[in-house]
Amino acid sequence: MKRFSIVDNGYNIDAVVTNPDRPKGRGMKMMMSDVKEYAIEAGIEKIFQPEKVRKNEEFIDELRSINPDLIVVVAYGKILPKAILDLPKYGCVNVHGSLLPKYRGAAPIQRAVLDGEKVTGVTTMQMAEGLDTGDMLLTYETEILPNETSGELFDRLAIAGADLLLETLTALQAGTVTPQKQDDN
């Protein structure tokens, strides 16, 4: 079941940025990302697929022309340059699949399961330069179920992350969220 949380809740999505189509499978057929499929299904017309975002002035100018109020990032895998981070009025918000700061970076869900963690969650954060280093906005915490695989946990956290993103957007608009610095200890 696909969920179009922010679309279904009345948020106007001016554009989607995703990774370029890539060859996949035995036949190495060109396939679009799930994000691109989602955007097409939701009727979002502007879909950008830059190979790189850093030092890509043409792409940054495209974003600048949209004049976004907010940029939402979910599992994009690229560090955004300051020129993009500074564009939107409400900044750039990342939905991260862990309770920061413990599992920054790639594969936080898999790492939590492999490390035998009992609890994990999702964090929304205001993005800053660097990898998962911005101020935390809201968190959702959940138990890792006995014998739960990282794939099963990923599916649960994806739904929780969509809900947490909606909660975060509402709080940002209302001015009721207080960013919290990440503590590395």
My understanding is that only one of [options] makes a side-chain contact (heavy atoms from CB on, under 4.5 Å) with [X]; could you say which?
| X | options | result |
| --- | --- | --- |
| Thr168 | Thr123, Val95, Leu138 | Leu138 |
| Gln49 | Val35, Asp21, Val16 | Asp21 |
| Thr124 | Asn94, Val72, Val74, Leu164 | Leu164 |

Do NZ/NE/NH1/NH2 and the carboxylate oxygens of [X] and [Y] come within less than 4.0 Å?
| X | Y | value |
| --- | --- | --- |
| Asp86 | Lys82 | yes |
| Arg111 | Glu117 | no |
| Glu51 | Arg22 | yes |

#### Entry: Residues forming a side-chain hydrogen bond (donor to acceptor under 3.5 Å, both in side chains) with Lys24, sequence neighbours excluded
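Residues passing side-chain hydrogen bond (donor to acceptor under 3.5 Å, both in side chains) with Lys24: none at all.
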### Query
Can you name the side-chain hydrogen bond (donor to acceptor under 3.5 Å, both in side chains) partners of Ser33, sequence neighbours left out?
Thr18
#### Entry: Residues Lys78 and Asn19: side-chain donor-acceptor under 3.5 angstrom
yes
### Query
Is a side-chain donor-acceptor pair under 3.5 Å present for Tyr90 with Gln126?
no
#### Entry: Verdict with reasoning, Gln110 to Val113, per side-chain contact (heavy atoms from CB on, under 4.5 Å)
CA-CA 5 Å; Gln110 295 87 338; Val113 171; 6.0 Å; no
Give, for atom [atom1] of [X] and atom [atom2] of [Y], the distance between the pair rounded to the nearest 0.5 Å.
| X | Y | atom1 | atom2 | result |
| --- | --- | --- | --- | --- |
| Ser150 | Ile109 | OG | CD1 | 8.0 Å |
| Leu169 | Tyr11 | CG | OH | 4.5 Å |
| Leu166 | Asp163 | CG | CG | 6.5 Å |
| Thr178 | Asp135 | OG1 | CG | 11.0 Å |
| Glu58 | Asn56 | CD | CG | 6.5 Å |
| Thr139 | Met125 | OG1 | CE | 13.0 Å |

Would you check if the side chain of [X] reaches a backbone N or O of [Y] as a donor-acceptor pair within less than 3.5 Å?
| X | Y | value |
| --- | --- | --- |
| Thr133 | Glu129 | yes |
| Thr142 | Gly121 | no |
| His96 | Ala75 | no |
| Glu152 | Thr149 | yes |

Write down the atom of [X], the atom of [Y], and the distance for their closest heavy-atom approach.
| X | Y | answer |
| --- | --- | --- |
| Gly97 | Thr120 | O-OG1, 4.4 Å |
| Gln182 | Pro101 | OE1-CB, 3.0 Å |
| Ala39 | Ile47 | CB-CD1, 3.8 Å |
| Gly134 | Ala128 | CA-CB, 3.8 Å |

### Task
Could you go through the side-chain contact (heavy atoms from CB on, under 4.5 Å) check for Val73 and Val93 one step at a time?
CA-CA 6 Å; Val73 177; Val93 171; over 6 Å; no
### Task
May I ask whether Leu85 and Met136 are part of the same hydrophobic cluster, defined by side-chain heavy atoms of I, L, V, M, F, W, Y residues being less than 4.5 angstrom apart, directly or through others?
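In one cluster with Leu85: Met136, no.
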### Message
Is there a continuous path of hydrophobic side-chain contacts, each under 4.5 Å between heavy atoms, that joins Ile79 to Met127?
### Response
no
### Task
With the side chain counted from C-beta on, respond yes when Val119 and Leu99 share a heavy-atom pair under 4.5 Å apart, and no when they do not.
yes
### Query
Is there a side-chain contact between Asp115 and Tyr103 (heavy atoms, below 4.5 Å)?
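Counting from C-beta outward, Asp115 and Tyr103 do come under 4.5 Å.
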### Task
Step through the shown structure and confirm whether more than 12 heavy atoms of other residues, nucleotides or ligands are within 6.0 Å of CZ on Phe154.
no
Under 3.5 Å, which donor-acceptor pairs link side chains of residues 62-71 to any protein atom two or more places apart or in another chain?
| unit_1 | atom_1 | unit_2 | atom_2 | d |
| --- | --- | --- | --- | --- |
| Arg64 | NH1 | Asp61 | OD1 | 2.6 |
| Ser65 | OG | Glu62 | O | 2.7 |

### Query
Going through the distances and angles, do Asp14 and Lys46 end up as a side-chain contact (heavy atoms from CB on, under 4.5 Å)?
CA-CA 7 Å; Asp14 291 322; Lys46 290 184 183 178; 5.8 Å; no
### Query
Are Lys118 and Ile144 close enough, and set up right, to give a side-chain contact (heavy atoms from CB on, under 4.5 Å), and what steps lead you there?
CA-CA 5 Å; Lys118 302 291 184 215; Ile144 298 176; 6.0 Å; no
